[in-house]
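For the single chain, residues carry numbers from 1 onward in sequence order.
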Amino acid sequence: GVDTNRRWRSGFTLLELLVSLVIGLVILGGMYSVFTIQNRNFANQEQMAEMRQSARVAMDEMVREITMAGYNPNCTTPAADAGITSMDATSLAFKADLNENSSTTGTDDTNEYVTYALDSGDYQITRNTNRGGGAQPFAENIQDLTFTYYYANGNVTATLANIRRIKISITAS
């Protein structure tokens with residue numbers, strides 16, 4: 001005959017299935033936790049990289065435009081009427097003849113007066129062309145913007161006419 005004892009021993013009991021199911025669920029739950037944490041960390045790192053890139057782009061653009069302060073290809077504007085027009089620790093205003101038409105006051109010169117400023121309430125740097133439109137967001141997630149002004153010899157100055165170098169510090173958060 002058939003050995004019924006042997007057939008009975010070849011399967012799993014209900015208790016064994018339940019224990020293995022619980023162990024599997026614990027392992028699956030742990031893997032899900034690790035995945036969730038890693039996904040959150042990845043999203044945070046991505047945001048930080050985007051913030052740094054935004055600050056870098058803002059810095060590069062500001063440096064490019066501020067370097068042009070006082071630019072006058074035809075040298076028709078007196079020196080007192082060129083360059084930086086106002087400054088303090090968190091804002092800088094300047095003008096430059098960017099379209100090379102020997103003027104910064106015509107109707108086609110709308111972007112030749114520029115002001116960069118920190119809007120600490122909205123955590124952003126604004127750029128204002130002073131020809132309508134008002135201050136527009138230039139860089140987001142900015143905690144601090146500081147301009148430091150220097151004489152040609154490297155000493156700090158607070159006199160508009162003596163500025164020869166500018167240090168720009170941006171703290172993004």
Side-chain angles (χ1 to χ4, degrees), residues 34-173:
V34 169
F35 172 76
T36 303
I37 291 169
Q38 290 298 327
N39 196 27
R40 194 174 314 132
N41 286 341
F42 176 75
N44 288 342
Q45 291 297 324
E46 194 172 285
Q47 272 185 329
M48 289 176 66
E50 185 178 327
M51 176 188 58
R52 284 188 199 110
Q53 183 63 20
S54 174
R56 246 184 244 119
V57 167
M59 177 71 83
D60 289 346
E61 183 68 17
M62 288 172 67
V63 167
R64 187 184 65 77
E65 285 193 340
I66 293 169
T67 300
M68 297 297 289
Y71 176 67
N72 183 350
N74 301 316
C75 298
T76 58
T77 305
D81 190 37
I84 299 170
T85 57
S86 70
M87 46 70 116
D88 64 33
T90 60
S91 70
L92 173 67
F94 60 93
K95 63 182 173 177
D97 185 12
L98 300 177
N99 63 4
E100 300 181 1
N101 67 351
S102 301
S103 171
T104 56
T105 59
T107 57
D108 58 342
D109 300 318
T110 58
N111 289 319
E112 295 185 346
Y113 286 80
V114 178
T115 302
Y116 287 109
L118 175 66
D119 180 351
S120 57
D122 289 330
Y123 298 101
Q124 64 186 4
I125 296 173
T126 60
R127 182 180 183 274
N128 188 347
T129 59
N130 295 334
R131 297 290 185 137
Q136 301 295 315
F138 183 71
E140 303 280 328
N141 302 315
I142 303 299
Q143 187 173 3
D144 190 35
L145 168 67
T146 306
F147 294 101
T148 309
Y149 308 96
Y150 296 94
Y151 288 102
N153 65 8
N155 294 329
V156 175
T157 183
T159 306
L160 192 64
N162 295 335
I163 297 172
R164 295 299 175 264
R165 290 186 313 142
I166 301 171
K167 177 182 174 186
I168 307 168
S169 299
I170 297 176
T171 305
S173 61

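In terms of the side-chain contact (heavy atoms from CB on, under 4.5 Å) criterion, residue partners of Val63 (sequence neighbours excluded) are, by chain and number, Met59, Thr67, Ile168. For Asp60, there are no side-chain contact (heavy atoms from CB on, under 4.5 Å) partners two or more places apart in sequence or in a different chain. Every residue meeting the side-chain contact (heavy atoms from CB on, under 4.5 Å) condition with Thr126, not counting sequence neighbours, appears here in chain and number order: Ala117, Asp119, Gln124, Ala135. The side chain to side chain donor-acceptor pair (under 3.5 Å) check on Ser120 picks up nothing, with sequence neighbours excluded. Shown here are the side chain to side chain donor-acceptor pair (under 3.5 Å) partners of Arg56, two or more places apart in sequence or in another chain: Gln53. In this view, Phe94 satisfies the ring pair (Phe, Tyr, Trp, His ring centres under 6.0 Å) rule with no residue, not counting sequence neighbours. With sequence neighbours excluded, the residues that form a side chain to side chain donor-acceptor pair (under 3.5 Å) with Asp88 are Ser91. Listed by chain and number, the residues in a ring pair (Phe, Tyr, Trp, His ring centres under 6.0 Å) with Tyr149 amount to none (sequence neighbours excluded).
Atom CG of Asp144 and atom OH of Tyr123 lie 11.5 Å apart (nearest 0.5 Å). Rounding to the nearest 0.5 Å gives a distance of 9.5 Å between CD1 of Ile84 and CZ of Phe147. How far CG of Leu118 is from CG of Leu92: 13.0 Å, rounded to the nearest 0.5 Å.
Residue pairs meeting the side-chain hydrogen bond (donor to acceptor under 3.5 Å, both in side chains) criterion with at least one member in residues 156-173, sequence neighbours excluded, do not occur. Among residues at least two apart or in separate chains, there is no side-chain hydrogen bond (donor to acceptor under 3.5 Å, both in side chains) pair with a member in residues 35-48. Among residue pairs with one or both ends in residues 61-72, those qualifying as salt bridge (Lys or Arg N to Asp or Glu O under 4.0 Å) are Glu61-Arg64, Glu65-Arg127; sequence neighbours excluded.
Shown here is Tyr150, whose OH atom has more than 12 heavy atoms of other residues, nucleotides or ligands within 6.0 Å.
Taking the side chain as every heavy atom from C-beta outward, Met62 and Leu145 approach each other to under 4.5 Å.
Taking each heavy atom of Thr115 and Ala93 in turn, the nearest pair found is OG1-CB, 3.4 Å.
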